**Q** 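To start, I am sharing the structure in question, which I have written as structure tokens.
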Protein chains: 2
Amino acid sequence: MSETKDKIVSLADQLIRVRGFNAFSYKDIAEPLEMKNAAVHYHFPAKSDLGIGVIQHDRNRFAATIAKWNKLPEQEQLQQLINVFRKHCHAGNICLMGSLSPDYNTLAPDMQQEVQQMAEDILHWLSQTLENGRKHKRFQFKGKAADRALLIMTNLQASLLMSRVLGPEIFTRISHQLMEDLIP
Amino acid sequence: MSETKDKIVSLADQLIRVRGFNAFSYKDIAEPLEMKNAAVHYHFPAKSDLGIGVIQHDRNRFAATIAKWNKLPEQEQLQQLINVFRKHCHAGNICLMGSLSPDYNTLAPDMQQEVQQMAEDILHWLSQTLENGRKHKRFQFKGKAADRALLIMTNLQASLLMSRVLGPEIFTRISHQLMEDLIP
DNA sequence: TTGCTTACTTACTGGTAAGTAAGTATTTTT
DNA sequence: AAAAATACTTACTTACCAGTAAGTAAGCAA
């Protein structure tokens, strides 16, 4: 990917997390990068192309990141995930899923599918990590790992939303209690 | 409140939940109600006035609803709350908090404050209900009731978001496991 | 019956949005 | 050296948005 394209995707990623997909415009990309509206359209003809670019970038980064974690004990892998969310929390960001799923009905079908796959990526990894952690007696929880993954995923996702409204200590309380619940 | 004003608020409530606050316009209100753009502005001069109207309507309804539940055993009160969310889930709606918190940074300050108070309303009630339920041995959980309320609140909120993307069985799995975790 | 309020409509403004057609300068390929 | 691809800019279109000014018809109130 060219340098310019990369800068556009990074900035769009930020804007989606801070203001939402329907609340930023090509001008918000073009101006800070000192180019014209039409230059952004050159790289991403439609806004949904830009949205898809952002999601794919994020999915690739996630895949690379979890690969780096995969020799760590499971509770540390989960802690790493929580750390990623904490950094976003303190930057005032919400996660891509938390930003794009409320707008889901307004998105183009090809972008909707990309959002869906991102959700499946994360849930699949988290399910596996929880299942393995339980097998190795590092986690203790009731029910299926896939259901537990849903609970934890929704906690993390919405903790960023609630933190935006009620302050960052919300995130700390949620992530702490979450971990506490899992440790035998 | 006049009948017209009430119809506007109800429709706006729907639109916020289905498409998001920044993704509907006065035209989307005016057209189905067979009036002109300017008539909506007559009742709600700025869009934030309409937003505030919707939130206040919802907060009042919530207050009235929990008052009706307050003689029920705590686990049934929580089940009632889950039922409210389930109905929204099957209507394709998300909750107001789930819709407005991603857009929080784009909202007018007076509307932000209203969102904040709505969050505090729900968390306060849920904390109290969990605390009372634990005292009466109807619930069992680790940690502070206020922290548990945060976990459950975020589960419910984001379960509607995830259901929109991955289908309504997501909500069923989350709400079921959530209840299971609390029952002694 | 004159005046005031309510609940609108008509007609508009200024601004912004996504998107595009056509042209240009620079680099790369043949 | 000619042709073609790359990465833009200029200049524009179409469409919509929130918001407003001015007018109006109906009802009520002194």
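A quick note: this is a predicted structure, and the numbers were derived from the prediction, not measured.
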**Q** From the list C/dT20, D/dA18, C/dC8, which nucleotide is the closest neighbour of the side chain of B/A39?
**A**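 The nucleotide sitting nearest to the side chain is C/dC8.
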**Q** Taking only side-chain N and O atoms of A/T4, does any of them lie within less than 4.0 angstrom of OP1 or OP2 on D/dA7?
**A**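 Answer is no, no contact under 4.0 Å.
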**Q** OP1 or OP2 of C/dA18 versus the side-chain N and O atoms of A/K47: is any pair under 4.0 Å?
**A**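 For C/dA18, OP1 or OP2 has a side-chain N or O of A/K47 closer than 4.0 Å.
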**Q** Answer with yes or no whether the side chains of A/Q177 and A/D181 bring together a donor and an acceptor at under 3.5 Å.
**A**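 The criterion, which ignores hydrogens and geometry beyond distance, is satisfied for A/Q177 and A/D181.
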**Q** For the pair made of NZ in A/K5 and P in D/dA7, what is the distance, rounded to whole Å?
**A**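 Answer to the nearest Å: 9 Å.
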**Q** Among C/dA18, C/dT10, D/dC8, which is the nearest nucleotide to the side chain of A/H43?
**A**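 Closest of the options to the side chain of A/H43: D/dC8.
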**Q** Would you tell me if any nitrogen or oxygen in the side chain of B/S25 comes within less than 4.0 Å of OP1 or OP2 on D/dC16?
**A**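 No.
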**Q** Between C/dC8 atom P and B/Y42 atom OH, what is the distance in whole Å?
**A**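 Taking atom P of C/dC8 as the reference, OH of B/Y42 is at 8 Å.
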**Q** To the nearest angstrom, how far is A/M35 atom CE from D/dT10 atom P?
**A**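 My rounded result for the distance is 13 Å.
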**Q** Among B/I55, B/N93, B/L96, which one satisfies side chain to side chain contact (heavy atoms under 4.5 Å, CB included) with B/D13?
**A**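 Exactly one pass, corresponding to B/L96.
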**Q** Give a yes-or-no answer on whether the side chains of B/E31 and B/Y26 include a donor-acceptor pair shorter than 3.5 Å.
**A**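 Distance-only check fails for B/E31 and B/Y26.
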**Q** Can you spot which of A/I29, A/V18, A/L11 makes a side chain to side chain contact (heavy atoms under 4.5 Å, CB included) with A/F24?
**A**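 Looking at A/I29, A/V18, A/L11, the match for A/F24 under the side chain to side chain contact (heavy atoms under 4.5 Å, CB included) is A/I29.
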**Q** Base, sugar-phosphate, or nothing for A/F24, non-hydrogen atoms under 4.0 angstrom?
**A**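 The answer is sugar-phosphate, as A/F24 gets under 4.0 Å only of primed atoms, P, OP1 or OP2.
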**Q** What is the distance, to the nearest angstrom, from the CZ atom on B/F44 to the P atom on C/dA7?
**A**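 It is 12 Å, rounded to the nearest whole Å.
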**Q** Counting heavy atoms not belonging to B/H124, are there more than 12 under 6.0 Å from its NE2?
**A**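 Counting other residues, nucleotides and ligands, NE2 of B/H124 stays at 12 neighbours or fewer.
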**Q** Once you round it to whole Å, what is the distance between P of C/dA17 and CG of A/D28?
**A**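 Taking atom P of C/dA17 as the reference, CG of A/D28 is at 6 Å.
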**Q** Taking atom C1' of C/dG15 as reference, at what distance in whole Å does atom OH of A/Y26 sit?
**A**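 So the OH-C1' distance, A/Y26 to C/dG15, works out to 20 Å.
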**Q** Select one nucleotide: of D/dA7, C/dT20, C/dT10, the one nearest the side-chain heavy atoms of B/A38.
**A**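 The listed nucleotide nearest to B/A38's side chain is C/dT10.
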**Q** Nearest whole angstrom, please: distance from the P of D/dT24 to the NZ of B/K36.
**A**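 So the two atoms are 17 Å apart, to the nearest Å.
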**Q** When the distance from CG of A/D49 to P of C/dG19 is rounded to whole Å, what number comes out?
**A**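 Taking CG of A/D49 and P of C/dG19, I get 8 Å after rounding.
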